[in-house]
Structure formats: C-alpha cells, structure tokens
Chemist: 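Please read through the structure below; I'll follow up with questions.
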Amino acid sequence: MDYLKGLNDRQREAVLYGEGPLLVLAGAGSGKTKVLTHRIAYLIEQKGIFPGNMLAITFTNKAANEMKERTSDLLGGNIDGIWMGTFHSVCVRILRRYIDRIGFERGFSIYDRDDQIALMRECIGELDLREDDYKERHILNIISRIKDSMMSPNEYIDEKYMDPFKGNVKKLYVLYEEKLKDNNALDFDDLISKTVELFRTNPDVLEYYQQKFKYIFIDEFQDTNRAQYQLVKLLALGCKNLCVVGDDDQSIYGWRGADITNILSFEEDFPKAKIVKLEQNYRSTQNILDVANNIIKNNSGRMEKRLWTDNARGRRVVVENVLDSYEEAQFVIRKIEEHMREGYEPSDFAILYRTNAQSRIFEEAFMRNNIPYKLVGGLKFYDRKEIKDIVAYLRMIQNPVDDISLKRIINIPRRGIGKVTMEKLEEYANKIGTSIYDVLLDVENVPGLSTRAKNSLKAFVDMINRFIAMDEVMEIQEFIEEVVYGVGYIKELEDDGSIESQARLDNIKEFISVAIDFQVNNPEGTLEDFLANVSLLSDVDKTADVDNSVTLLTVHSAKGLEFPIVFMVGMEEGLFPIIRESEDKSEMEEERRLCYVAITRAEELLYISHARIRTIYGRTNYSRPSRFIDELPKELIDIGGQPNGGSYGRIGGNEAINPKEHLIKVKDLSERSVTPTRRSLIDQDQIREGVKVKHAKWGIGIVAQLRDRDDDKEATIIFDKVGMKRLLLSIAPIEIVKGG
DNA sequence: GCCCTCTTGTTCGAT
DNA sequence: ACAAGAGGGC
C-alpha cells in the first residue's frame with residue numbers, strides 16, 4: 001500500500017513526520033482528514049504501532065467513525081483497538097472505569113441541559129435567590145465557563161470578591177456541585193474537568209493512560225477549551241507524540257469556552273513542535289476561495305496563511321436580494337430545481353443558516369415542492385417526553401440516588417404519588433441527608449405520610465428494586481422492553497388509544513430499535529454504555545443518512561462538511577452577524593470566522609441571500625444586508641433580486657414596520673401562494689379511514705380518524721413527513737392518491 | 001390532583 | 001410565533 005500516493009509535499013511531510021509534537025495548520029478544504037488517516041495508517045503499518053496505543057479525538061462521533069473506516073480501508077484490516085471519539089465520549093470511557101477514585105460511583109448519571117436546569121432551580125430556591133438576575137440558564141452558563149477554564153469556586157471569587165452577584169454565583173456553584181455529587185451525576189463540563197481531576201489526584205491512573213496512548217491526535221484543535229487542552233497536555237506528557245490539527249480561522253466555539261490561544265500557544269507549550277501548514281485547497285473553485293479570503297482578511301491576529309487552489313475559477317458567487325423569508329425559500333427552491341435539471345442531485349445542496357429558527361420555512365417549502373431534505377439538529381427524538389421518561393427510568397435503575405430522574409418518573413404513569421407526598425419525602429431526605437431512594441427503602445420512618453401514600457411508595461420502590469436485579473442478568477433491549485411494559489407505560493398509552501398515544505408508542509418502539517442497533521454494534525455494551533451513548537450524540541450524529549436529500553443545517557453544524565452547491569440564507573445585519581447587547585470586537589471576529597466557515601463549505605457554487613424584511617420573535621422588521629456582503633469583492637459576485645426594492649436605504653436601520661403596512665404585504669403574499677387549481681375540492685365521501693391522501697403542504701399521508709365537527713368533517717391524518725395533523729375536509733387542500 | 005388559561009421567555013451557536 | 005411554566009379554578 002502506497003500511503004504517499006496523491007499527497008502533496010506538505011501533506012506528505014505531515015504524514016511521515018517522526019516522533020514528537022506536531023501542529024498541522026490545515027486551511028479549509030486542504031485535506032486534513034486525508035493527512036490524519038494516512039498518518040495513522042502509516043504509523044500502524046510502517047512503524048508497527050499497535051492500534052490500541054492510539055487515541056484520536058474528533059468533533060463528532062460520526063467523524064470518528066468515518067476516520068476509522070477510511071483508515072481501515074487504507075490498511076485493508078481491522079483497527080478496532082484504536083480509541084476514536086469525542087472528548088466527551090473518551091472521558092466517559094475513562095471515568096466509567098476509575099471515577100470511584102474521586103468519590104463518585106461508576107454508575108453515574110450524565111445530566112443534560114434540562115436536568116441541569118432542574119437541579120439549578122433547587123439551588124436557587126434553597127438560597128432564596130428567585131429574582132430576575134438569577135435565571136437558571138444564565139447561572140448555568142456562567143458556571144459552565146468557570147468549569148471550562150478550570151477555575152475552582154475560590155479562584156472565581158478571589159478575583160471579584162467585591163461583587164455581590166458573583167458572590168451569589170459562587171454560592172450557587174458550590175451548592176450545585178454538592179447536589180451533583182449527592183445525585184452521583186456529572187454534567188457535560190464535568191466529563192472533562194473530572195477526568196482532569198482524576199488524573200491530577202491519581203498519578204497511577206494517569207500513568208496507565210500515558211503508557212497506553214503512545215500517539216495522540218486531536219482534530220479541530222482550534223475549538224478545544226482550556227479544560228480539554230489540560231487533559232491533552234496531561235496525556236501527552238509521557239510520549240509527546242501529540243498531533244493536533246486545526247485552523248484558527250475556523251474557531252467558532254468561543255461562546256462555549258473554546259480558547260483560540262490554545263492553538264497560538266502550542267509552540268510555547270511544546271517548544272520543539274514541528275509545524276506544517278496545509279495551504280492548498282482541493283475543495284472549492286478559485287472564485288469561492290477568493291471570496292472567502294476577502295472576508296477573513298478583515299480579522300486581526302490571525303496566523304499567517306495563504307490558501308490557494310489549482311481548481312478552475314468557476315461560476316461567480318450570487319448575492320440575491322429578496323423581500324422576505326418566504327421569497328427567500330422560493331428563490332432557493334427555484335435554483336435547486338434549475339440545477340437539478342442540469343444534473344445535480346438533491347444531496348449536492350445544503351442550506352446554511354445562522355439560527356435553527358430559520359429552518360422551518362425551508363422545510364415547508366421543500367415539502368410543498370416534493371424535494372427530499374434532511375434537517376440536522378431539528379430532530380428532537382431524544383427530547384420527546386416519552387423518551388426522556390424512559391431514559392429517566394433507566395438512569396434511576398442504574399443510579400438510584402439520582403433524585404432528578406426519580407422525581408421525573410415517580411408518578412409516571414400515575415401512581416397516586418402527588419406533590420404533597422413528594423414534599424414530605426424531600427424534606428425528610430434533606431433532614432437526614434440521603435437520597436430520596438434511600439428514604440423510600442424505609443418509608444415507614446417518614447413522618448406525616450398516609451397509609452395510602454406509603455403503599456404506593458412501597459410498590460414503586462419494590463418495582464425499582466426488581467429492575468435493579470434484572471439489569472444484572474438481561475440484555476439491554478430485553479431489559480428496556482421489560483421496563484416499559486413493567487412500569488405500565490405501554491399499558492397507559494394503549495388504554496388511552498388516542499392518535500397521540502399511538503405516536504408515543506411508535507417512538508418507544510423506535511427507541512427500542514436504537515437499543516438493538518447499539519447491542520449489535522457493542523456486544524459487550526452495558527446499560528451504562530448505552531445511556532452514555534444516548535446522551536453524547538451530537539446533532540450531526542443523530543441525523544439519519546437519508547438517501548439523496550438536501551441538507552438543512554446551521555453553520556456551526558456544517559463545520560467539517562462540504563457540498564457542491566451551498567445556499568447561505570438570512571445574510572442580514574442583526575441575524576448574521578447576529579445582534580448582541582455588547583458589541584465586542586472579538587465577538588464580531590467570531591461571526592466573521594463563522595461566515596468564512598460557511599463560504600468554504602461550498603465546492604462549486606455559492607448563493608448568498610438577504611431579505612428586506614424579516615420576522616423574528618413574531619416581530620417584523622426592515623433589515624439591511626449583512627456587513628459581510630459589503631466585504632465581498634464586487635468583481636467576483638453577481639447581484640440578483642431587486643437591489644433597490646426595499647426601503648432600508650431610506651430608513652437605514654432595522655426598524656419596526658407599521659403593522660398595517662405589513663399586513664397588506666402578507667396578504668399579497670398569501671394570495672400569490674395559493675394555487676388556484678387547488679380550489680376544486682375533493683369528493684368528501686371518498687375520504688375514509690385508511691385512505692391515502694396528498695396535502696399541498698405536508699405531502700403524503702394516511703387518514704387515521706374521521707369524525708363530525710359542526711357541519712363539517714374533521715380528519716386526523718398521519719403524514720409521512722410531518723406526523724399527525726387535524727384538518728377540516730371542507731377547506732383542506734388535499735387530494736386522494738390513487739393506487740394507495 | 002388535574003385541567004385550563006395566561007404569562008413568559010425564547011433562538012445564537014451545542015457536547 | 002410558539003412552547004413551556006405558573007397560577008387559578010374545579
């Protein structure tokens with residue numbers, strides 16, 4: 001196998017570099033994944049390094065899997081021993097083994113945002129801080145930054161000891177940490193910081209992993225935070241065979257603690273580090289690259305880098321001025337249809353936006369036009385109530401002291417354990433300083449409970465104990481089924497019989513099939529592993545590989561991906577760059593890097609659109625084009641739409657629109673959007689349960705229920721793409737699909 | 001204990 | 001615009 005075939009000089013240098021620290025500054029589209037996979041393959045085959053001695057940290061699990069596949073393709077062999085994953089998944093793997101060394105139990109729970117909020121709400125309540133300044137999310141964000149930067153509560157307050165707000169944040173932080181420990185739970189930030197703590201306090205454990213990981217690779221290094229870098233430095237201390245790959249121009253996670261100085265100070269931390277710059281771009285046309293370079297050059301404090309390409313100049317970048325988001329979606333659809341006639345496939349396109357809220361109107365447009373699409377980050381499968389409930393049961397079984405999970409499910413399905421009973425339980429648990437579960441084990445001691453409440457509680461805790469025993473001997477999928485039937489969840493939904501309950505049952509089935517998949521892929525996997533896996537998937541990981549469809553995603557999610565044709569939408573001041581209270585220079589530079597990331601996703605064609613009016617939070621405002629549009633070189637772009645169609649020139653700012661004026665415009669639009677032929681209504685008698693219909697907006701669906709409603713008939717229809725909807729037959733724009 | 005209505009915040013990005 | 005939480009009535 002020739003690992004050097006098709007590599008340029010710089011790439012080859014990085015692949016063949018021997019021992020010691022290596023920093024690869026890889027510009028967008030410069031083939032960094034190729035370098036990583038070839039280097040790993042080279043080390044395994046030529047240098048005889050055992051895959052089990054390698055650790056590769058990537059940004060998503062999906063990227064890790066791809067890297068694994070590509071590497072094993074190169075070697076024509078199995079490299080399963082290699083540790084590849086995200087920072088979080090790698091840390092969980094280490095903590096599952098050794099966390100008892102720092103006072104937690106191995107079955108610890110991983111708390112997501114909602115769990116954190118529930119816990120913080122308790123903290124705020126206990127400290128009597130229910131004021132506007134102490135919102136759960138806000139405090140959690142501050143604490144998250146403190147943890148990212150590896151500060152203890154004392155270090156945080158020492159700097160700012162005069163500030164009463166910060167004093168209270170410190171108190172909340174301390175209490176929050178205490179409660180996490182009481183619940184035997186870790187939040188996302190803890191997964192990193194507790195691993196660092198484990199290594200610092202247990203030299204033997206650190207030494208074990210230092211010995212194990214003789215070669216370490218970190219992808220997207222510019223997006224690591226301080227805690228992550230500490231972790232990497234500790235691990236690499238032994239061998240110093242640390243290879244980091246990154247691009248300071250693509251640092252877009254400053255808001256969650258990513259520290260761009262990590263990449264800038266790598267040379268200081270590792271004085272003998274070799275630095276290789278990859279500057280040849282293989283992805284984009286000359287035009288796209290020139291546009292990207294013109295944007296990013298407006299930032300200061302960058303590392304010297306000059307991206308170039310041998311690719312053709314290509315078509316010009318199109319900047320389109322549209323009236324509003326509705327027209328913007330129409331524009332995108334029209335262009336996609338045009339290009340598909342040229343031979344492009346749906347999977348060749350991506351729509352990139354700044355905020356997830358922008359996705360909806362595009363989804364509707366794609367459905368209406370029957371173009372297949374997939375939404376990254378919008379699929380809230382794991383956020384559904386029924387899934388969270390089941391996960392809470394599983395967590396509680398695995399980690400009975402997890403009060404947050406217990407409180408979530410103790411009365412689901414209803415068992416007559418109400419608010420008053422819970423208050424008594426919690427009060428008693430607080431008094432004797434144990435978990436609610438421990439109190440339940442000896443429920444007779446709790447003062448003030450009725451016999452009925454005690455009986456319900458006993459039945460509950462007996463059931464949980466049965467599950468704890470079963471978990472020891474059962475396969476995951478079998479066990480989950482045992483739980484969902486055993487707790488009466490399925491029965492309650494079945495008895496209810498509504499369409500909503502049916503949808504929930506389907507979701508539970510889907511969850512069970514996720515468990516089956518997991519079991520197939522991880523024959524040795526335990527319930528803990530499964531739960532960690534469920535918690536740590538990124539949105540990109542969760543998005544199913546729908547065949548040949550347009551991708552809709554945020555710019556952040558698009559990092560690391562590429563598409564032949566890219567639409568950047570909503571390029572307006574206040575939206576991209578997004579408006580902030582404090583307009584800080586470094587924040588504006590991060591917005592610009594984000595813009596650079598978006599542009600460099602495009603291989604062949606790039607469309608940039610901005611609307612003259614935009615509705616955000618239900619408010620409609622005039623908007624100006626993004627300043628980034630002004631930064632585009634005029635000679636490389638084509639301007640489309642109606643350059644002077646809006647009045648933003650006169651108003652000059654994003655000002656609120658006279659509501660009446662806007663109503664008129666909306667009315668005009670809606671009239672335009674109705675297809676006159678749809679007015680001929682269907683023969684209502686033909687609509688029966690089980691009939692297949694097609695809706696103008698939501699596509700294909702099956703009639704599930706039909707009932708009289710006033711003088712009309714209301715049909716409940718399950719659509720393939722949007723799920724259940726209730727429609728009045730007299731006005732619904734549906735038609736019967738023949739042969740269905 | 002449950003259901004309904006009203007209020008509130010939310011969406012900037014995500015493990 | 002919309003969802004989730006709070007609060008009041010039953």
Chemist: To the nearest angstrom, how far is A/Glu492 atom CD from B/dC2 atom P?
Modeler: 10 Å

Chemist: May I have the distance from A/Asp112 (atom CG) to B/dA14 (atom P), rounded to whole angstrom?
Modeler: 15 Å

Chemist: Here's a test of your reading of the structure: between A/His556 and A/Gly418, which maps to the more 5' nucleotide of DNA chain B?
Modeler: A/Gly418

Chemist: I want to verify a distance call: between B/dC2, B/dC12, B/dT10, whose nearest atom is closest to the A/Thr355 side chain?
Modeler: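 Of all the options, the side chain of A/Thr355 is nearest to B/dC12.
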
Chemist: Checking all strands, does A/Thr60 fall into the base, sugar-phosphate, or nothing category for heavy-atom contacts under 4.0 angstrom?
Modeler: nothing

Chemist: With sequence neighbours excluded, tell me which residues meet side chain to side chain donor-acceptor pair (under 3.5 Å) with A/Lys68.
Modeler: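 Partners of A/Lys68 by the side chain to side chain donor-acceptor pair (under 3.5 Å) criterion come out as none, since no residue qualifies.
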
Chemist: Between which nucleotides of DNA chain C, 5' to 3', does chain A make heavy-atom contacts below 4.0 Å?
Modeler: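 For DNA chain C, the relevant span reads C/dA1 to C/dC2.
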
Chemist: Between B/dG13, B/dC2, B/dT15, which nucleotide gets closest to the side-chain atoms of A/Thr554?
Modeler: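 Comparing B/dG13, B/dC2, B/dT15 against the side chain of A/Thr554, the answer is B/dG13.
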
Chemist: Applying the salt bridge (Lys or Arg N to Asp or Glu O under 4.0 Å) criterion to A/Asp389, which one of A/Lys407, A/Arg408, A/Arg504 satisfies it?
Modeler: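 The residue from A/Lys407, A/Arg408, A/Arg504 that satisfies salt bridge (Lys or Arg N to Asp or Glu O under 4.0 Å) with A/Asp389 turns out to be A/Arg408.
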
Chemist: Nearest-Å distance, CG (A/Asp148) to C1' (B/dA14)?
Modeler: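 In whole Å, B/dA14 C1' and A/Asp148 CG are 12 Å from each other.
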
Chemist: Looking only at the side chain of A/Arg137 (C-beta and beyond, no hydrogens), which of the listed nucleotides B/dG13, B/dT11, B/dT15 gets closest?
Modeler: B/dT11

Chemist: Name the orientation class of the two ring planes belonging to A/Tyr253 and A/Phe59 (parallel below 30°, tilted from 30 to 60°, perpendicular beyond 60°).
Modeler: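 Tilted: the ring planes of A/Tyr253 and A/Phe59 meet at 30° to 60°.
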
Chemist: Rounding to a whole Å, what distance do you find between A/Ile412:CD1 and B/dC2:P?
Modeler: 10 Å

Chemist: Could I get the full list of side chain to side chain donor-acceptor pair (under 3.5 Å) partners for A/Thr600, not counting sequence neighbours?
Modeler: none

Chemist: Nearest heavy atom decides the nucleotide; on that basis, is A/Ser535 or A/Glu591 closer to the 5' end of DNA chain B?
Modeler: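 Between the two, 5'-proximity favours A/Glu591.
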
Chemist: Round to the nearest Å and state the distance from A/Ile143 atom CD1 to B/dT15 atom P.
Modeler: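 Rounding to the nearest Å, CD1 of A/Ile143 and P of B/dT15 are 21 Å apart.
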
Chemist: Between A/Asp114 (CG) and B/dT15 (P), how many Å, whole number?
Modeler: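 In whole Å, B/dT15 P and A/Asp114 CG are 15 Å from each other.
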
Chemist: What is the separation between atom CD on A/Glu587 and atom C1' on B/dG13, rounded to the nearest whole Å?
Modeler: 12 Å

Chemist: Quick one: sort the A/Tyr98 and A/Tyr209 rings into parallel, tilted or perpendicular, breaks at 30° and 60°.
Modeler: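 A/Tyr98 and A/Tyr209: perpendicular rings.
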
Chemist: Between A/Asn356 and B/dA14, is there a side-chain N or O to OP1/OP2 distance below 4.0 Å?
Modeler: yes

Chemist: Just do the side-chain hydrogen bond (donor to acceptor under 3.5 Å, both in side chains) check on A/Tyr229 and A/Asp259 with the steps written out, would you?
Modeler: CA-CA 9 Å; A/Tyr229 189 35; A/Asp259 190 350; over 6 Å; no

Chemist: Taking CG from A/Asp187 and P from B/dA14, how many angstroms apart are they, rounded to a whole number?
Modeler: 18 Å

Chemist: Taking the six-membered ring for Trp, is the centroid-to-centroid distance between A/Phe511 and A/Phe518 below 6.0 Å?
Modeler: no

Chemist: Using OP1 and OP2 only, check whether a side-chain N or O of A/Ser557 sits under 4.0 Å from B/dA14.
Modeler: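 The answer is yes; a side-chain N or O of A/Ser557 sits under 4.0 Å from OP1 or OP2.
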
Chemist: Would you indicate what A/Arg113 reaches in the nucleic acid, counting non-hydrogen atoms under 4.0 angstrom: base, sugar-phosphate, or nothing?
Modeler: nothing

Chemist: When you measure from the side chain of A/Tyr617, which nucleotide among B/dG13, B/dC3, B/dT11 comes out closest?
Modeler: B/dT11

Chemist: Categorize A/Arg360 for me: base, sugar-phosphate, or nothing, with a 4.0 angstrom heavy-atom threshold over every strand shown.
Modeler: sugar-phosphate

Chemist: Given B/dT11, B/dG9, B/dA14, which nucleotide is nearest the side-chain atoms of A/Ala357?
Modeler: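 Closest nucleotide to the A/Ala357 side chain: B/dT11.
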
Chemist: Using a 5.5 Å cut-off between ring centres and planes within 30 degrees, is A/Trp255 stacked on the base of B/dG13?
Modeler: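 Ring-base stacking flag set for A/Trp255 and B/dG13.
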
Chemist: Have a look at A/Asp219 and tell me which of A/Val244, A/Val245, A/Thr224 forms a side chain to side chain contact (heavy atoms under 4.5 Å, CB included) with it.
Modeler: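 It is A/Val245; the other options fail the test.
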
